[in-house]
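In what follows, chains carry the letters A, B, and so on, assigned in the order in which the sequence lines appear, proteins first and then strands, with residues in each chain numbered from 1.
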Number of protein chains: 2
Amino acid sequence: MINKKPERMFEPDQPAAAENRTSELRETYDDRLNHILAVATTLIAQSGYERASMRAVAKEAGISLAGIYHYFDSKEKMLFLIQFRTFNSLLGNLREKLHGVEEPVEQLRVMVRAHVCYFAANMPALKVCSHELESLAGPAYEQTRLIRRQYYELSRDIVTRVLDVHAPDCAIDRHVATMALFGMLNWLYRWYNPAKDRSPAGLANQIIEMFLNGVLGPKVEEDRVERAAS
Amino acid sequence: MINKKPERMFEPDQPAAAENRTSELRETYDDRLNHILAVATTLIAQSGYERASMRAVAKEAGISLAGIYHYFDSKEKMLFLIQFRTFNSLLGNLREKLHGVEEPVEQLRVMVRAHVCYFAANMPALKVCSHELESLAGPAYEQTRLIRRQYYELSRDIVTRVLDVHAPDCAIDRHVATMALFGMLNWLYRWYNPAKDRSPAGLANQIIEMFLNGVLGPKVEEDRVERAAS
DNA sequence: GATCGTCGACCGAACGTCCGTTCGGTCAAC
DNA sequence: GTTGACCGAACGGACGTTCGGTCGACGATC
(Lines give C-alpha, C1' and ligand atoms only; values in the text may rest on other atoms or scores of the structure.)
Protein backbone atom coordinates (compact mmCIF):
# COMPACT_ATOMS: atom_id res chain seq x y z
CA MET A 1 0.00 0.00 0.00
CA ILE A 2 1.12 3.46 -0.81
CA ASN A 3 1.13 4.70 2.71
CA LYS A 4 3.54 2.02 3.73
CA LYS A 5 6.15 3.09 1.16
CA PRO A 6 6.06 6.87 1.25
CA GLU A 7 9.75 7.11 0.55
CA ARG A 8 9.09 5.85 -2.95
CA MET A 9 6.25 8.09 -3.93
CA PHE A 10 8.19 11.00 -5.31
CA GLU A 11 11.39 9.23 -6.32
CA PRO A 12 10.45 7.31 -9.43
CA ASP A 13 14.11 6.80 -10.29
CA GLN A 14 15.81 4.29 -8.08
CA PRO A 15 19.50 3.42 -7.68
CA ALA A 16 20.87 1.19 -10.42
CA ALA A 17 21.83 -1.39 -7.82
CA ALA A 18 18.36 -2.89 -7.84
CA GLU A 19 17.77 -6.04 -9.85
CA ASN A 20 16.35 -5.77 -13.31
CA ARG A 21 13.36 -7.88 -12.45
CA THR A 22 12.45 -5.82 -9.43
CA SER A 23 12.87 -2.69 -11.50
CA GLU A 24 10.47 -3.94 -14.13
CA LEU A 25 7.95 -4.98 -11.53
CA ARG A 26 8.21 -1.63 -9.86
CA GLU A 27 7.74 0.04 -13.19
CA THR A 28 4.49 -1.72 -13.89
CA TYR A 29 3.37 -1.06 -10.32
CA ASP A 30 4.09 2.66 -10.66
CA ASP A 31 2.62 2.79 -14.14
CA ARG A 32 -0.58 1.23 -12.86
CA LEU A 33 -0.68 3.59 -9.90
CA ASN A 34 -0.15 6.59 -12.16
CA HIS A 35 -2.85 5.36 -14.49
CA ILE A 36 -5.38 5.03 -11.66
CA LEU A 37 -4.43 8.47 -10.35
CA ALA A 38 -4.85 10.00 -13.78
CA VAL A 39 -8.28 8.44 -14.20
CA ALA A 40 -9.31 9.52 -10.71
CA THR A 41 -8.10 13.06 -11.38
CA THR A 42 -10.21 13.31 -14.52
CA LEU A 43 -13.29 11.91 -12.81
CA ILE A 44 -12.96 14.11 -9.73
CA ALA A 45 -12.43 17.14 -11.95
CA GLN A 46 -15.61 16.26 -13.85
CA SER A 47 -17.95 15.28 -11.04
CA GLY A 48 -16.36 16.49 -7.83
CA TYR A 49 -14.75 14.43 -5.11
CA GLU A 50 -17.91 13.18 -3.43
CA ARG A 51 -19.72 12.23 -6.63
CA ALA A 52 -16.72 10.49 -8.17
CA SER A 53 -17.16 7.01 -6.72
CA MET A 54 -14.45 4.44 -6.28
CA ARG A 55 -16.57 2.13 -8.44
CA ALA A 56 -16.46 4.66 -11.28
CA VAL A 57 -12.70 5.10 -10.92
CA ALA A 58 -12.25 1.32 -10.94
CA LYS A 59 -14.38 0.81 -14.02
CA GLU A 60 -12.70 3.63 -15.94
CA ALA A 61 -9.23 2.45 -14.95
CA GLY A 62 -9.95 -1.16 -15.95
CA ILE A 63 -9.46 -2.60 -12.50
CA SER A 64 -11.74 -4.13 -9.91
CA LEU A 65 -13.14 -2.09 -7.05
CA ALA A 66 -11.18 -4.10 -4.49
CA GLY A 67 -8.10 -3.88 -6.68
CA ILE A 68 -7.89 -0.13 -6.13
CA TYR A 69 -7.32 -0.73 -2.43
CA HIS A 70 -4.10 -2.44 -3.35
CA TYR A 71 -2.75 1.00 -4.25
CA PHE A 72 -4.49 3.31 -1.76
CA ASP A 73 -5.90 2.45 1.59
CA SER A 74 -8.72 4.96 1.33
CA LYS A 75 -10.40 7.34 -1.05
CA GLU A 76 -9.12 10.30 0.95
CA LYS A 77 -5.52 9.09 0.64
CA MET A 78 -6.06 8.89 -3.10
CA LEU A 79 -7.20 12.51 -3.23
CA PHE A 80 -4.32 13.48 -1.00
CA LEU A 81 -1.86 11.83 -3.35
CA ILE A 82 -3.31 13.67 -6.34
CA GLN A 83 -3.10 17.02 -4.58
CA PHE A 84 0.27 16.39 -2.96
CA ARG A 85 1.92 15.37 -6.21
CA THR A 86 0.38 18.23 -8.15
CA PHE A 87 1.29 20.90 -5.61
CA ASN A 88 4.80 19.53 -5.30
CA SER A 89 5.21 19.41 -9.03
CA LEU A 90 3.84 22.94 -9.41
CA LEU A 91 6.19 24.27 -6.76
CA GLY A 92 9.18 22.41 -8.16
CA ASN A 93 8.41 23.68 -11.64
CA LEU A 94 8.23 27.24 -10.38
CA ARG A 95 11.50 27.01 -8.47
CA GLU A 96 13.19 25.53 -11.49
CA LYS A 97 11.96 28.25 -13.82
CA LEU A 98 12.93 30.98 -11.36
CA HIS A 99 16.50 29.72 -11.20
CA GLY A 100 18.90 32.47 -12.22
CA VAL A 101 16.23 35.13 -12.60
CA GLU A 102 16.98 38.06 -10.33
CA GLU A 103 14.94 41.04 -11.48
CA PRO A 104 11.63 41.12 -9.50
CA VAL A 105 9.38 42.04 -12.43
CA GLU A 106 10.98 39.34 -14.52
CA GLN A 107 10.47 36.90 -11.64
CA LEU A 108 6.79 37.80 -11.62
CA ARG A 109 6.55 37.25 -15.35
CA VAL A 110 8.20 33.86 -14.98
CA MET A 111 5.89 32.93 -12.12
CA VAL A 112 2.66 33.78 -13.96
CA ARG A 113 3.83 32.15 -17.16
CA ALA A 114 4.88 29.02 -15.31
CA HIS A 115 1.55 28.81 -13.50
CA VAL A 116 -0.62 29.39 -16.55
CA CYS A 117 1.33 26.96 -18.69
CA TYR A 118 1.28 24.30 -15.98
CA PHE A 119 -2.44 24.87 -15.63
CA ALA A 120 -3.05 24.54 -19.35
CA ALA A 121 -1.04 21.32 -19.47
CA ASN A 122 -2.75 19.81 -16.39
CA MET A 123 -6.23 21.26 -16.24
CA PRO A 124 -7.98 18.40 -14.43
CA ALA A 125 -5.24 18.15 -11.79
CA LEU A 126 -5.24 21.88 -11.09
CA LYS A 127 -9.01 21.94 -10.98
CA VAL A 128 -8.93 19.23 -8.33
CA CYS A 129 -6.30 21.22 -6.43
CA SER A 130 -8.27 24.46 -6.63
CA HIS A 131 -11.72 23.05 -6.05
CA GLU A 132 -11.26 20.17 -3.63
CA LEU A 133 -8.99 21.81 -1.08
CA GLU A 134 -11.50 21.34 1.73
CA SER A 135 -12.31 17.76 0.83
CA LEU A 136 -9.22 16.79 2.80
CA ALA A 137 -9.18 17.09 6.58
CA GLY A 138 -6.78 16.63 9.44
CA PRO A 139 -3.15 15.71 8.78
CA ALA A 140 -3.65 15.25 5.04
CA TYR A 141 -5.04 18.77 4.77
CA GLU A 142 -2.24 20.17 6.89
CA GLN A 143 0.37 18.53 4.72
CA THR A 144 -0.99 20.05 1.52
CA ARG A 145 -1.37 23.37 3.31
CA LEU A 146 2.35 23.41 4.03
CA ILE A 147 3.22 23.12 0.34
CA ARG A 148 0.63 25.69 -0.63
CA ARG A 149 2.07 27.97 2.01
CA GLN A 150 5.49 27.69 0.39
CA TYR A 151 4.00 28.50 -2.99
CA TYR A 152 2.18 31.45 -1.48
CA GLU A 153 5.26 32.81 0.29
CA LEU A 154 7.40 32.47 -2.80
CA SER A 155 4.81 34.41 -4.80
CA ARG A 156 4.19 36.99 -2.09
CA ASP A 157 7.91 37.68 -1.81
CA ILE A 158 8.09 38.30 -5.53
CA VAL A 159 5.09 40.61 -5.40
CA THR A 160 6.60 42.40 -2.42
CA ARG A 161 9.91 42.90 -4.18
CA VAL A 162 8.17 44.18 -7.31
CA LEU A 163 6.37 46.75 -5.22
CA ASP A 164 9.35 47.71 -3.08
CA VAL A 165 11.63 48.22 -6.06
CA HIS A 166 9.28 49.76 -8.63
CA ALA A 167 6.50 51.33 -6.60
CA PRO A 168 7.68 51.90 -3.03
CA ASP A 169 4.90 54.39 -2.36
CA CYS A 170 2.16 52.09 -3.58
CA ALA A 171 -0.51 51.73 -0.89
CA ILE A 172 -1.64 48.27 -2.04
CA ASP A 173 -1.36 45.60 0.61
CA ARG A 174 1.08 42.85 -0.38
CA HIS A 175 -1.16 40.10 0.89
CA VAL A 176 -4.19 41.47 -0.92
CA ALA A 177 -2.21 41.88 -4.13
CA THR A 178 -0.92 38.30 -3.93
CA MET A 179 -4.35 36.88 -3.27
CA ALA A 180 -5.81 38.94 -6.10
CA LEU A 181 -3.20 37.46 -8.42
CA PHE A 182 -3.99 33.98 -7.13
CA GLY A 183 -7.66 34.72 -7.73
CA MET A 184 -7.02 35.52 -11.38
CA LEU A 185 -4.94 32.34 -11.74
CA ASN A 186 -7.05 29.93 -9.73
CA TRP A 187 -10.29 31.04 -11.31
CA LEU A 188 -9.00 30.03 -14.74
CA TYR A 189 -10.40 26.53 -14.38
CA ARG A 190 -13.91 27.98 -14.40
CA TRP A 191 -13.73 29.63 -17.78
CA TYR A 192 -10.57 28.87 -19.74
CA ASN A 193 -11.31 26.89 -22.87
CA PRO A 194 -8.15 25.81 -24.71
CA ALA A 195 -10.13 25.38 -27.94
CA LYS A 196 -11.66 28.86 -27.95
CA ASP A 197 -9.42 31.09 -25.89
CA ARG A 198 -5.94 32.26 -26.73
CA SER A 199 -2.77 30.29 -26.08
CA PRO A 200 -1.53 29.82 -22.51
CA ALA A 201 1.46 32.08 -23.18
CA GLY A 202 -0.76 34.82 -24.59
CA LEU A 203 -3.13 34.52 -21.66
CA ALA A 204 -0.21 34.69 -19.22
CA ASN A 205 0.99 37.88 -20.91
CA GLN A 206 -2.41 39.50 -20.51
CA ILE A 207 -2.55 38.59 -16.84
CA ILE A 208 0.97 39.91 -16.25
CA GLU A 209 0.11 43.12 -18.05
CA MET A 210 -3.08 43.58 -16.06
CA PHE A 211 -1.43 42.84 -12.75
CA LEU A 212 1.47 45.20 -13.32
CA ASN A 213 -0.23 48.08 -15.12
CA GLY A 214 -3.95 47.48 -14.86
CA VAL A 215 -6.37 47.67 -17.76
CA LEU A 216 -5.63 51.36 -18.28
CA GLY A 217 -1.96 50.59 -18.75
CA PRO A 218 1.11 52.76 -18.25
CA LYS A 219 1.40 53.89 -21.85
CA VAL A 220 -1.93 55.61 -21.67
CA GLU A 221 -0.81 57.39 -18.56
CA GLU A 222 2.42 58.38 -20.27
CA ASP A 223 0.41 59.71 -23.17
CA ARG A 224 -1.80 61.61 -20.82
CA VAL A 225 1.16 63.12 -18.98
CA GLU A 226 2.91 63.95 -22.22
CA ARG A 227 -0.22 65.51 -23.63
CA ALA A 228 -0.67 67.52 -20.45
CA ALA A 229 2.96 68.68 -20.60
CA SER A 230 2.84 69.85 -24.20
CA MET B 1 -44.39 22.96 -2.09
CA ILE B 2 -42.15 25.63 -3.38
CA ASN B 3 -42.12 24.49 -6.96
CA LYS B 4 -45.88 24.69 -7.12
CA LYS B 5 -45.90 28.38 -6.20
CA PRO B 6 -42.97 29.81 -8.13
CA GLU B 7 -44.74 33.11 -8.61
CA ARG B 8 -44.40 33.75 -4.89
CA MET B 9 -40.76 32.94 -4.45
CA PHE B 10 -39.29 36.30 -5.28
CA GLU B 11 -42.18 38.56 -4.40
CA PRO B 12 -42.24 38.53 -0.63
CA ASP B 13 -44.52 41.54 -0.58
CA GLN B 14 -48.04 40.76 -1.59
CA PRO B 15 -50.93 43.07 -2.44
CA ALA B 16 -52.73 44.53 0.58
CA ALA B 17 -55.95 42.93 -0.63
CA ALA B 18 -55.11 39.66 1.12
CA GLU B 19 -56.71 38.94 4.46
CA ASN B 20 -54.76 39.60 7.60
CA ARG B 21 -54.95 35.99 8.64
CA THR B 22 -53.64 34.69 5.37
CA SER B 23 -50.90 37.28 5.47
CA GLU B 24 -49.79 36.15 8.92
CA LEU B 25 -49.87 32.51 7.92
CA ARG B 26 -47.90 33.30 4.84
CA GLU B 27 -45.46 35.27 6.90
CA THR B 28 -44.72 32.38 9.20
CA TYR B 29 -44.50 30.08 6.20
CA ASP B 30 -41.99 32.36 4.49
CA ASP B 31 -40.11 32.97 7.70
CA ARG B 32 -39.76 29.25 8.22
CA LEU B 33 -38.67 28.76 4.62
CA ASN B 34 -36.10 31.53 4.93
CA HIS B 35 -34.84 30.06 8.15
CA ILE B 36 -34.34 26.64 6.60
CA LEU B 37 -32.64 28.20 3.58
CA ALA B 38 -30.31 30.20 5.83
CA VAL B 39 -29.36 27.10 7.81
CA ALA B 40 -28.84 25.10 4.64
CA THR B 41 -26.69 27.86 3.17
CA THR B 42 -24.42 27.87 6.21
CA LEU B 43 -24.11 24.10 6.25
CA ILE B 44 -23.44 23.82 2.53
CA ALA B 45 -20.87 26.59 2.78
CA GLN B 46 -19.16 24.70 5.61
CA SER B 47 -19.24 21.13 4.32
CA GLY B 48 -20.09 21.34 0.65
CA TYR B 49 -23.32 20.35 -1.03
CA GLU B 50 -22.84 16.59 -1.02
CA ARG B 51 -21.67 16.35 2.58
CA ALA B 52 -24.38 18.62 3.93
CA SER B 53 -27.14 16.09 4.50
CA MET B 54 -30.83 16.86 4.70
CA ARG B 55 -30.76 15.31 8.17
CA ALA B 56 -28.17 17.83 9.31
CA VAL B 57 -30.16 20.71 7.82
CA ALA B 58 -33.31 19.45 9.56
CA LYS B 59 -31.62 19.09 12.92
CA GLU B 60 -29.96 22.50 12.72
CA ALA B 61 -33.18 24.17 11.60
CA GLY B 62 -35.21 22.53 14.34
CA ILE B 63 -37.52 20.63 12.03
CA SER B 64 -38.02 16.99 11.18
CA LEU B 65 -36.38 15.42 8.17
CA ALA B 66 -39.74 14.84 6.50
CA GLY B 67 -40.82 18.34 7.44
CA ILE B 68 -38.23 19.83 5.11
CA TYR B 69 -39.98 18.25 2.17
CA HIS B 70 -42.96 20.41 2.94
CA TYR B 71 -40.89 23.35 1.68
CA PHE B 72 -38.75 21.82 -1.06
CA ASP B 73 -39.44 18.76 -3.11
CA SER B 74 -35.79 17.80 -3.39
CA LYS B 75 -32.36 18.69 -2.12
CA GLU B 76 -31.39 19.96 -5.55
CA LYS B 77 -34.36 22.35 -5.61
CA MET B 78 -33.20 23.65 -2.25
CA LEU B 79 -29.75 24.40 -3.61
CA PHE B 80 -31.30 25.92 -6.68
CA LEU B 81 -33.40 28.23 -4.55
CA ILE B 82 -30.35 29.36 -2.57
CA GLN B 83 -28.40 30.12 -5.72
CA PHE B 84 -31.29 31.63 -7.62
CA ARG B 85 -32.21 34.01 -4.82
CA THR B 86 -28.60 35.00 -4.20
CA PHE B 87 -27.77 35.63 -7.85
CA ASN B 88 -30.98 37.57 -8.35
CA SER B 89 -30.35 39.64 -5.28
CA LEU B 90 -26.76 40.29 -6.31
CA LEU B 91 -27.83 41.37 -9.78
CA GLY B 92 -30.67 43.52 -8.46
CA ASN B 93 -28.35 45.16 -5.97
CA LEU B 94 -25.84 45.96 -8.71
CA ARG B 95 -28.48 47.43 -11.04
CA GLU B 96 -29.81 49.55 -8.22
CA LYS B 97 -26.40 50.92 -7.27
CA LEU B 98 -25.54 51.63 -10.90
CA HIS B 99 -28.67 53.72 -11.34
CA GLY B 100 -27.73 57.24 -12.41
CA VAL B 101 -24.03 56.52 -12.72
CA GLU B 102 -22.83 57.23 -16.23
CA GLU B 103 -19.05 57.51 -16.19
CA PRO B 104 -17.53 54.10 -17.04
CA VAL B 105 -14.74 54.20 -14.46
CA GLU B 106 -17.20 55.27 -11.81
CA GLN B 107 -19.50 52.43 -12.91
CA LEU B 108 -16.64 50.01 -12.42
CA ARG B 109 -15.95 51.38 -8.97
CA VAL B 110 -19.60 50.99 -8.06
CA MET B 111 -19.68 47.47 -9.42
CA VAL B 112 -16.63 46.25 -7.46
CA ARG B 113 -17.74 48.00 -4.27
CA ALA B 114 -21.23 46.54 -4.57
CA HIS B 115 -19.88 43.05 -5.14
CA VAL B 116 -17.35 43.11 -2.31
CA CYS B 117 -19.82 44.59 0.16
CA TYR B 118 -22.51 42.09 -0.82
CA PHE B 119 -19.96 39.33 -0.44
CA ALA B 120 -18.88 40.53 3.01
CA ALA B 121 -22.49 40.72 4.14
CA ASN B 122 -23.42 37.28 2.73
CA MET B 123 -20.29 35.18 2.79
CA PRO B 124 -21.90 31.74 3.09
CA ALA B 125 -24.40 32.44 0.32
CA LEU B 126 -21.75 33.72 -2.07
CA LYS B 127 -19.48 30.81 -1.23
CA VAL B 128 -22.28 28.43 -2.16
CA CYS B 129 -22.82 30.37 -5.38
CA SER B 130 -19.13 30.35 -6.28
CA HIS B 131 -18.29 26.84 -5.19
CA GLU B 132 -21.39 24.79 -5.94
CA LEU B 133 -22.14 25.97 -9.46
CA GLU B 134 -21.74 22.52 -10.93
CA SER B 135 -23.76 20.79 -8.24
CA LEU B 136 -26.84 21.77 -10.20
CA ALA B 137 -27.62 20.12 -13.52
CA GLY B 138 -30.13 20.38 -16.32
CA PRO B 139 -32.82 23.07 -16.25
CA ALA B 140 -31.90 24.29 -12.76
CA TYR B 141 -28.33 24.86 -13.88
CA GLU B 142 -29.49 26.59 -17.06
CA GLN B 143 -31.71 28.94 -15.11
CA THR B 144 -28.91 30.08 -12.81
CA ARG B 145 -26.64 30.34 -15.82
CA LEU B 146 -28.98 32.87 -17.40
CA ILE B 147 -28.77 35.19 -14.39
CA ARG B 148 -25.01 34.79 -14.15
CA ARG B 149 -24.84 35.59 -17.83
CA GLN B 150 -26.67 38.86 -17.24
CA TYR B 151 -24.28 39.71 -14.42
CA TYR B 152 -21.34 38.87 -16.65
CA GLU B 153 -22.60 40.93 -19.58
CA LEU B 154 -23.32 43.91 -17.39
CA SER B 155 -19.80 43.74 -15.98
CA ARG B 156 -18.16 43.08 -19.32
CA ASP B 157 -19.93 46.06 -20.86
CA ILE B 158 -18.60 48.27 -18.09
CA VAL B 159 -15.08 46.91 -18.55
CA THR B 160 -15.39 47.37 -22.30
CA ARG B 161 -16.52 50.97 -21.92
CA VAL B 162 -13.71 51.71 -19.47
CA LEU B 163 -11.23 50.43 -21.99
CA ASP B 164 -12.82 52.07 -25.02
CA VAL B 165 -13.00 55.48 -23.36
CA HIS B 166 -9.79 55.61 -21.36
CA ALA B 167 -7.45 53.18 -23.08
CA PRO B 168 -8.62 52.60 -26.66
CA ASP B 169 -5.25 51.23 -27.73
CA CYS B 170 -5.05 48.75 -24.89
CA ALA B 171 -4.44 45.26 -26.24
CA ILE B 172 -6.11 43.46 -23.36
CA ASP B 173 -9.01 41.23 -24.34
CA ARG B 174 -12.30 42.39 -22.81
CA HIS B 175 -13.38 38.88 -21.96
CA VAL B 176 -10.08 38.03 -20.32
CA ALA B 177 -10.12 41.28 -18.35
CA THR B 178 -13.65 40.63 -17.12
CA MET B 179 -12.87 37.07 -16.10
CA ALA B 180 -9.70 38.22 -14.35
CA LEU B 181 -11.79 40.70 -12.36
CA PHE B 182 -14.30 37.97 -11.55
CA GLY B 183 -11.40 35.77 -10.47
CA MET B 184 -10.24 38.38 -7.96
CA LEU B 185 -13.79 38.78 -6.65
CA ASN B 186 -14.89 35.15 -6.64
CA TRP B 187 -11.71 33.92 -5.03
CA LEU B 188 -12.35 36.12 -2.00
CA TYR B 189 -14.27 33.37 -0.24
CA ARG B 190 -11.09 31.34 -0.03
CA TRP B 191 -9.06 33.81 1.96
CA TYR B 192 -11.01 36.85 3.13
CA ASN B 193 -11.26 36.96 6.92
CA PRO B 194 -13.49 39.78 8.17
CA ALA B 195 -11.82 39.66 11.60
CA LYS B 196 -8.27 40.02 10.32
CA ASP B 197 -8.42 41.67 6.93
CA ARG B 198 -9.36 45.23 6.17
CA SER B 199 -12.92 46.48 5.76
CA PRO B 200 -14.94 45.49 2.68
CA ALA B 201 -14.84 49.07 1.38
CA GLY B 202 -11.06 49.24 1.80
CA LEU B 203 -10.64 45.89 0.11
CA ALA B 204 -12.87 47.02 -2.76
CA ASN B 205 -10.73 50.12 -3.22
CA GLN B 206 -7.58 48.03 -3.44
CA ILE B 207 -9.13 45.75 -6.04
CA ILE B 208 -10.37 48.70 -8.08
CA GLU B 209 -6.95 50.32 -7.90
CA MET B 210 -5.23 47.12 -8.98
CA PHE B 211 -7.63 46.45 -11.81
CA LEU B 212 -7.40 49.96 -13.22
CA ASN B 213 -3.73 50.76 -12.67
CA GLY B 214 -2.04 47.54 -11.64
CA VAL B 215 0.29 47.19 -8.70
CA LEU B 216 2.79 49.58 -10.24
CA GLY B 217 0.17 52.29 -10.43
CA PRO B 218 -0.13 55.30 -12.72
CA LYS B 219 1.56 57.74 -10.37
CA VAL B 220 4.77 55.83 -10.53
CA GLU B 221 4.61 55.99 -14.29
CA GLU B 222 3.92 59.68 -14.14
CA ASP B 223 6.90 60.10 -11.85
CA ARG B 224 9.04 58.10 -14.19
CA VAL B 225 7.97 60.15 -17.18
CA GLU B 226 8.41 63.37 -15.31
CA ARG B 227 11.81 62.31 -14.06
CA ALA B 228 12.81 61.34 -17.58
CA ALA B 229 11.59 64.68 -18.90
CA SER B 230 13.45 66.83 -16.39
C1' DG C 1 14.71 -29.92 -13.40
C1' DA C 2 10.68 -31.02 -10.86
C1' DT C 3 8.30 -29.77 -6.44
C1' DC C 4 6.82 -26.87 -2.86
C1' DG C 5 5.89 -22.81 -0.10
C1' DT C 6 5.62 -17.83 -0.30
C1' DC C 7 4.19 -13.55 -1.85
C1' DG C 8 2.35 -9.86 -4.42
C1' DA C 9 -1.33 -8.50 -7.57
C1' DC C 10 -5.82 -8.78 -8.00
C1' DC C 11 -10.82 -10.09 -7.74
C1' DG C 12 -16.15 -11.36 -6.51
C1' DA C 13 -19.08 -10.84 -3.10
C1' DA C 14 -20.47 -9.12 0.62
C1' DC C 15 -21.04 -5.78 5.00
C1' DG C 16 -22.56 -1.92 7.39
C1' DT C 17 -23.68 2.76 6.98
C1' DC C 18 -25.57 6.79 5.32
C1' DC C 19 -28.31 9.14 2.16
C1' DG C 20 -32.51 11.26 -0.30
C1' DT C 21 -37.00 10.41 -0.43
C1' DT C 22 -41.76 8.64 0.63
C1' DC C 23 -45.67 6.81 3.24
C1' DG C 24 -49.13 7.00 6.45
C1' DG C 25 -50.50 9.36 9.90
C1' DT C 26 -51.50 13.29 13.78
C1' DC C 27 -53.27 17.58 15.18
C1' DA C 28 -54.60 22.24 15.52
C1' DA C 29 -57.06 25.92 12.95
C1' DC C 30 -60.59 27.29 10.30
C1' DG D 1 -64.93 18.17 7.83
C1' DT D 2 -61.33 19.91 5.31
C1' DT D 3 -56.80 21.58 4.96
C1' DG D 4 -52.14 22.75 5.76
C1' DA D 5 -48.08 22.04 8.69
C1' DC D 6 -45.58 18.65 10.32
C1' DC D 7 -43.70 14.10 12.02
C1' DG D 8 -41.87 8.89 12.98
C1' DA D 9 -40.59 5.26 10.58
C1' DA D 10 -39.33 3.04 6.95
C1' DC D 11 -37.54 2.02 1.93
C1' DG D 12 -34.30 1.29 -1.58
C1' DG D 13 -30.12 2.32 -3.31
C1' DA D 14 -25.35 3.88 -3.42
C1' DC D 15 -21.30 4.28 -1.16
C1' DG D 16 -16.53 3.18 1.05
C1' DT D 17 -14.46 -0.56 2.73
C1' DT D 18 -13.26 -5.47 3.94
C1' DC D 19 -13.00 -10.51 3.64
C1' DG D 20 -11.63 -14.60 1.77
C1' DG D 21 -9.87 -16.31 -1.92
C1' DT D 22 -7.37 -17.28 -6.82
C1' DC D 23 -3.43 -17.35 -9.65
C1' DG D 24 0.94 -16.87 -11.59
C1' DA D 25 5.80 -15.76 -10.66
C1' DC D 26 9.60 -16.77 -7.96
C1' DG D 27 13.37 -18.73 -4.76
C1' DA D 28 14.52 -22.59 -2.22
C1' DT D 29 14.81 -27.53 -1.75
C1' DC D 30 15.36 -32.18 -3.25
Novice: Give the rounded distance in Å between these two atoms: OH of B:Y71 and P of D:dG4.
Specialist: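 Going from B:Y71 (OH) to D:dG4 (P), I get 13 Å.
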Novice: Round to the nearest Å and state the distance from A:I68 atom CD1 to C:dA9 atom C1'.
Specialist: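 Going from CD1 in A:I68 over to C1' in C:dA9 covers 14 Å.
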Novice: Listed by chain and number, what are the salt bridge (charged side-chain N to carboxylate O under 4.0 Å, His left out) partners of A:R198, not counting sequence neighbours?
Specialist: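 Once residues adjacent in sequence are excluded, the partners of A:R198 under the salt bridge (charged side-chain N to carboxylate O under 4.0 Å, His left out) criterion are B:D173.
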Novice: How would you list, by chain and number, every residue that makes a salt bridge (charged side-chain N to carboxylate O under 4.0 Å, His left out) with B:R156, sequence neighbours excluded?
Specialist: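 Not a single residue meets the salt bridge (charged side-chain N to carboxylate O under 4.0 Å, His left out) criterion with B:R156.
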Novice: What residues form a ring pair (Phe, Tyr, Trp, His ring centres under 6.0 Å) with A:H175, not counting sequence neighbours?
Specialist: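 Scan of A:H175 (ring pair (Phe, Tyr, Trp, His ring centres under 6.0 Å), adjacent residues dropped) gives A:Y152, B:W191.
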Novice: Using a 4.0 Å heavy-atom cut-off across all strands, classify A:L65 as base, sugar-phosphate, or nothing.
Specialist: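 It contacts base atoms.
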Novice: Counting only side-chain heavy atoms from C-beta out, which of C:dT22, C:dG12, C:dT21 sits nearest to B:A66?
Specialist: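 In terms of side-chain proximity for B:A66, the closest of C:dT22, C:dG12, C:dT21 is C:dT22.
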Novice: Heavy-atom contacts under 4.0 Å between residues 52-59 of chain B and DNA chain C, which residues?
Specialist: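 Those residues are B:A52, B:S53, B:M54, B:R55.
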Novice: Could you state the CZ-P distance from A:R51 to D:dA14, rounded to the nearest angstrom?
Specialist: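 Distance, rounded to whole Å: 14 Å.
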Novice: Write down the atom of A:S74, the atom of A:M54, and the distance for their closest heavy-atom approach.
Specialist: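 Minimum heavy-atom separation between A:S74 and A:M54: C-CE, 4.5 Å.
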Novice: Mind calculating the distance between OH (B:Y69) and P (D:dC11) to the nearest angstrom?
Specialist: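 Result: 17 Å.
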Novice: Consider the side chain of B:R32, meaning its heavy atoms from C-beta on, and name the nucleotide among C:dG8, C:dG20, D:dC6 that approaches it most closely.
Specialist: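 Nucleotide nearest to B:R32's side chain: D:dC6.
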Novice: How long is the line joining CG of A:D31 and C1' of C:dC10, in whole Å?
Specialist: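 Distance, rounded to whole Å: 17 Å.
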Novice: Assess A:R113 against A:F119: is NZ or CZ under 6.0 Å from the centre of the six-membered ring, and within 45 degrees of the ring's axis?
Specialist: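 Because its charged atom misses either the 6.0 Å distance or the 45° angle limit, A:R113 does not stack over A:F119.
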Novice: Mind calculating the distance between NZ (A:K77) and C1' (D:dG16) to the nearest angstrom?
Specialist: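 So the NZ-C1' distance, A:K77 to D:dG16, works out to 14 Å.
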Novice: Identify, with sequence neighbours excluded, every residue that meets salt bridge (charged side-chain N to carboxylate O under 4.0 Å, His left out) alongside B:E142.
Specialist: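 Scan of B:E142 (salt bridge (charged side-chain N to carboxylate O under 4.0 Å, His left out), adjacent residues dropped) gives B:R145.
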Novice: Can you tell me how far P of C:dA28 sits from OH of B:Y29, to the nearest Å?
Specialist: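 Atom-to-atom, B:Y29 to C:dA28, this comes out as 22 Å.
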Novice: Output all residues satisfying side chain to side chain contact (heavy atoms under 4.5 Å, CB included) with A:S135, sequence neighbours left out; order by chain, then residue number.
Specialist: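 Partners of A:S135 by the side chain to side chain contact (heavy atoms under 4.5 Å, CB included) criterion, ordered by chain and then number, come out as A:Y49, A:L79, A:E132.
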Novice: Using whole Å, what does the distance between atom C1' of nucleotide C:dC19 and atom CD of B:E76 come to?
Specialist: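 Whole-Å distance recorded here is 15 Å.
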Novice: Under 4.0 Å: is that the gap between some side-chain N or O of A:H70 and OP1 or OP2 of C:dC10?
Specialist: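 So the side-chain polar atoms of A:H70 never come under 4.0 Å of the phosphate oxygens OP1 or OP2 of C:dC10.
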